[in-house]
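Here the structure comes first, spelled out in structure tokens, and everything after it is commentary.
The structure presented is a predicted model; accordingly, all values stated were derived computationally and were not measured. Just so you know, ligand 1 is whichever comes first in the structure, and atom 1 is the first atom listed for that ligand.
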Amino acid sequence: RSFSSEVMHMDLSLPNPSWSEDMRLLFDQFMKKSEDGSWKHLPSYKSKFTQETEDIKIYFPDEKLMKEKLSQAQLFPRSLEEGLGFEYAMFHNCVEDRTVCIFQGGPYLQGVPGFLHGGAIATMIDATLGTCAVVAIGVAMTASLNISFKRPIPLGSVVVINSQVDKVEGRKLFLSCNIRSVDEKTVYSEATSLFVKLDPKTRLT
Ligand SMILES: CCCCCCCCCCCCCCCCCC(=O)SCCNC(=O)CCNC(=O)[C@H](O)C(C)(C)COP(=O)(O)OP(=O)(O)OC[C@H]1O[C@@H](n2cnc3c(N)ncnc32)[C@H](O)[C@@H]1OP(=O)(O)O
């Protein structure tokens, strides 16, 4: 299915009719926290030429080929239709180097019946840690990701992914996160990761 340019460039991290009450309440809480500038709401699109896209150009020898590829591309967690896959919004705290993601996993993300697929959980962990890394140091890629799945996440429920930068060593950025229920009583997953800031001298292809 092809999407109109309007849909490709729409901020999809804003409330839509598929969001549950929990999701809306959390979103409103973080928007309130963003009023004094300590937190920042990060927009997200199916596809958009952003500063990050500009930054990544230097890693591709053939810019024309890259542009052709990017014209077809969609951000993986935004590639499913509204309410069916990944519904999420992220907020970043620049002072504390933390990114929070509120996430509601839809019916197309099923693994064991009634629960989220581990790959879908890993995707949102990677996306949240990746956003935290990119905001902190610029274009970086996941070098390693280690996840402990502690409790299954019910399909359709809302969870909170809390990520933070733990340590920076040159181009290496060590980050960790956990996924909790809205009432914070259940820890669903924990993860640690290494992101490496891309070296402008190295081509990706
Ligand atoms: C407020 C502002 C608002 C702005 C809004 C911003 C919004 C942001 C939106 C962006 C969102 C992006 C989210 C997307 C997240 C998805 C990320 C992915 O999945 S990515 C897809 C999945 N990922 C990929 O496909 C990546 C594939 N891998 C690669 O391309 C490369 O291996 C590399 C780039 C990761 C590192 O290569 P290279 O640059 O050549 O680096 P070197 O070999 O030179 O090593 C440098 C140092 O790192 C060490 N080290 C390295 N690796 C490991 C390791 N595994 N284990 C341990 N250590 C490792 C190595 O030993 C060395 O250490 P030292 O000796 O200096 O101490």
Side-chain angles (χ1 to χ4, degrees), residues 8-14 27 30-31 33-62 66 69-70 72-80 85-103 105 109 117-148 161-179 189 191-205:
M8 298 294 265
H9 299 99
M10 207 162 80
D11 180 6
L12 296 172
S13 66
L14 298 171
F27 181 83
F30 275 98
M31 286 306 273
K33 286 186 191 179
S34 303
E35 280 171 9
D36 68 1
S38 54
W39 288 84
K40 191 177 176 338
H41 173 241
L42 303 175
S44 133
Y45 310 91
K46 273 190 189 295
S47 168
K48 190 167 192 247
F49 282 87
T50 60
Q51 186 56 47
E52 288 84 50
T53 319
E54 286 296 314
D55 286 352
I56 214 151
K57 270 186 192 166
I58 52 172
Y59 303 102
F60 290 90
D62 187 337
M66 186 205 71
K69 272 191 188 162
L70 287 191
Q72 291 288 312
Q74 289 188 26
L75 189 67
F76 171 40
R78 290 299 183 197
S79 61
L80 293 169
F86 302 90
E87 289 297 332
Y88 64 95
M90 292 191 201
F91 296 85
H92 187 79
N93 185 316
C94 284
V95 178
E96 297 172 8
D97 274 339
R98 286 172 57 200
T99 299
V100 165
C101 175
I102 57 176
F103 167 45
L109 305 184
H117 193 289
I121 299 169
T123 296
M124 282 319 296
I125 286 177
D126 193 28
T128 308
L129 291 167
T131 299
C132 194
V134 170
V135 175
I137 57 164
V139 181
M141 286 183 95
T142 324
S144 76
L145 178 58
N146 192 303
I147 303 174
S148 293
I161 309 174
N162 250 296
S163 71
Q164 62 185 44
V165 175
D166 295 325
K167 194 170 59 166
V168 187
E169 277 176 13
R171 291 196 292 127
K172 292 192 292 186
L173 198 66
F174 297 85
L175 301 106
S176 59
C177 75
N178 59 53
I179 305 186
S189 314
T192 56
S193 67
L194 169 65
F195 280 74
V196 177
K197 186 177 164 66
L198 297 185
D199 182 348
K201 295 193 286 293
T202 311
R203 293 285 164 91
L204 288 175
T205 53

Note, Y45 side chain near L75 side chain (heavy atom, < 4.5 Å) = no

note = Heavy-atom proximity to atom 55 (N) of ligand 1, picking from G130, P43, S193, A143, points to A143

remark   = ligand 1 to V135, heavy atom cutoff 4.0 Å, flagged ligand atoms 1 (C), 6 (C)

inquiry  = With no hydrogens and no angle check, just 3.5 Å: does a side-chain donor-acceptor pair link Q164 and N162?
reply    = no

message = Looking at R78, is its backbone amide N or carbonyl O close enough to the side chain of K46 to form a donor-acceptor pair, meaning the two atoms are under 3.5 Å apart?
response = yes

query = When you measure from atom 38 (P) of ligand 1 to each heavy atom in M141, H92, H41, R171, which option holds the nearest one?
reply = R171

Shortest heavy-atom approach to atom 56 (N) of ligand 1 - which of D126, T131, V134, L194 = L194

pair S163-L175: side-chain heavy atoms closer than 4.5 Å = no

ask   = In ligand 1, which numbered atoms sit nearer than 4.0 Å to a non-hydrogen atom of L42?
value = 3 (C)

ask   = Taking atom types as modelled and ignoring hydrogens, do the side chains of H41 and S13 form a donor-acceptor contact shorter than 3.5 angstrom?
value = yes

task = Determine whether W39 and V100 make a side-chain contact, defined as any pair of heavy atoms from C-beta on separated by less than 4.5 Å.
result = yes

key: For L198, atoms of ligand 1 separated by under 4.0 Å from a heavy atom   = 34 (C)

inquiry  = Is there a side-chain contact between D126 and F195 in this structure, where contact means two heavy atoms from C-beta onward sitting under 4.5 Å apart?
reply    = yes

request  = For atom 26 (C) of ligand 1, state which one of T142, V139, V196 supplies the nearest heavy atom.
outcome  = T142

inquiry  = Can you name the atoms of ligand 1, numbered from 1 with element, that are less than 4.0 Å from a heavy atom of K40?
reply    = 1 (C)

query = So is K172 close enough to ligand 1, meaning a heavy atom under 4.0 angstrom away?
reply = yes

